[in-house]
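Okay, so here's the structure we're looking at.
Being a predicted model, the structure only gives us computed values, none of them experimental.
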Amino acid sequence: MAIAGGTWAVGAGLESEAVSAPRIDYVTVGERMDAEVREAVVDVYYGSAFVASGGAGGTITTVDVMPGDPLTEGDHIASINGGTLIAYSQPLPLYRALSRGDRGPDVAALATFLSAMGLLDPGYVDDNFGPQLDRAVREFQRTLGYPVDGVFRPEFVLYVGPDFTVGTVSIQLGDQVAPGAEIVRGAPPVLRAEIVGVDLRPLPPFSGGPLSLEIAGTTFTVDGTSLEGEAVAGIAQGLAALSMSGELIDGGQIRRYSDAKISLENPSRWGALPSSAVYVGAEGQFCAVSDDETVKSLTIVRDATGEIGTVLVPSELVGLNVLADVSRAAEKILAQCK
């Protein structure tokens, strides 16, 4: 920004649009609708993927999931030796074989799981492995291809936790797997996103919001340049839907998307001046001098996007005649810029 004595560098086309000169020494504050468009890079940060391991050893006889599938409790994941491995997401993972007569919080978790599958009446959900739970376990075994003995073993289920989406399927049909082998790996959780300049430095602040982020012809509405929670999850899902993989950096923990643009969703109205019409006082205050030699304080001054030599000032100054080259003003007038 060339201020106070800088050259009036507005091109002829811009000059006719932004400023007009009723007299040789003065210009009229023009009008701009400015969206503050900036070239940008989007860095999406991911956490570590959850690895779901378990099941009995043997031969993979079916694979029932694929990348991108969301898993909820009770979903079929794969079969090993003909026994179906079921998704399990109770807060307490099963860690021991359970049978009639056992008691404890893991028994209550198993009962809740089987009740959710429709195999046990909710009225019988408690921490006591009784006859009703025994019947439910045997029905589970009969339905899903396990030997029917009434003993519920941890290898019947695969703990995936809540909100699990398959990122990678680690097995193939016919594979020989050991007990507790990795079966699927979850999609890495999205932590946050940072929208930065093409030089990877923070972008200058915008004058308002919301902002419009454009990538590959798709537009997302964002509230700022640092995103978390649902805002960044929505962008990550949108980019995945566009089949955009981005550039993996930092060991794959960051996906970088280039060729983005970010701007104000609703362009703001400004006054436009050549930079030579703006003076900076001793205390850093920006001012312009009107045609009646009154000093006008400028609360905001910033460069016009894409217009060298033009600065933007508050819109209430639009139509005001000001000195085109503030260096021509008398020192006693410029001294009033405080």
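For the pair V27/P274, a side-chain contact is recorded, criterion being any heavy-atom separation below 4.5 Å from C-beta on. Under the 4.5 Å side-chain criterion, counting only non-hydrogen atoms from C-beta, L211 is not in contact with D223. Using a 4.5 Å heavy-atom threshold, the side chains of V44 and I254 count as separate. Taking 4.5 Å as the limit, some side-chain heavy atom of R255 sits within range of a side-chain heavy atom of L248. Contact annotation: the side chain of D34 approaches that of R302 to within less than 4.5 Å [non-hydrogen atoms, C-beta and beyond]. Between R256 and V41 there is a side-chain heavy-atom pair separated by less than 4.5 Å. Proximity of F50 to R185: side-chain heavy atoms (C-beta onward) are nowhere separated by under 4.5 Å.
What you find for I80 and G55 is that their closest heavy atoms are CD1-CA, 4.2 Å. Summarising the geometry of Y26 relative to L323, their closest heavy-atom pair is CD2-N, 3.4 Å, with the distance given to 0.1 Å. V196 approaches R201 most closely through the heavy-atom pair CB-O, 3.5 Å.
Side-chain polar atoms of S207 and E36 form a donor-acceptor pair below 3.5 angstrom. Residues T218 and E214 bring no donor and acceptor atom of their side chains to less than 3.5 Å of each other. When only modelled atom types and interatomic distance are considered, S53 and E182 share no side-chain donor-acceptor pair under 3.5 Å. Using modelled atom types and a 3.5 Å distance limit, the side chains of S297 and Q285 yield a donor-acceptor pair. A donor atom on one side chain and an acceptor atom on the other are not found under 3.5 Å apart for S258 and E247. Between T28 and N321, the side chains place a donor N or O and an acceptor N or O closer than 3.5 Å (distance only, hydrogens not considered).
With hydrogens and angles ignored, the 3.5 Å screen pairs a side-chain donor or acceptor of N81 with a backbone N or O of G57. A donor-acceptor pair under 3.5 Å is formed between the side chain of Q141 and the backbone N or O of V151. A donor-acceptor pair under 3.5 Å is absent between the side-chain atoms of S115 and the main chain of A111, judged by distance alone.
Applying the under-4.5 Å side-chain rule to Ile, Leu, Val, Met, Phe, Trp and Tyr, the cluster around V51 consists of that residue alone.
The cationic group of R135 does not satisfy the cation-pi geometry with F140, failing either the under 6.0 Å distance to the six-membered ring centre or the 45° limit from the ring axis. Relative to the six-membered ring of Y45, R192 meets both conditions, a distance below 6.0 Å and an angle of at most 45° to the axis.
Of the charged side-chain nitrogens involved, at least one lies within less than 4.0 Å of a carboxylate oxygen, so that R269 and E31 count as a salt-bridged pair. Using a 4.0 Å cut-off between charged side-chain N and carboxylate O, D292 and K296 make no salt bridge.
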Any chance you could lay out the side chain to side chain contact (heavy atoms under 4.5 Å, CB included) test for V322 and V289, step after step, and finish with the verdict?
CA-CA 5 Å; V322 298; V289 179; over 6 Å; no

Would D25 and R328 count as a salt bridge (charged side-chain N to carboxylate O under 4.0 Å, His left out) if you check the C-alpha gap in whole Å, the side-chain angles of each, and the deciding distance to 0.1 Å?
CA-CA 9 Å; D25 293 327; R328 298 184 181 183; 2.6 Å; yes

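Remark: aromatic rings of Y146 and F156 are close, center separation under 6.0 Å.
For the side-chain contact (heavy atoms from CB on, under 4.5 Å) test, residues two or more places apart in sequence or in another chain that qualify with A35 are V37, S263, P267.
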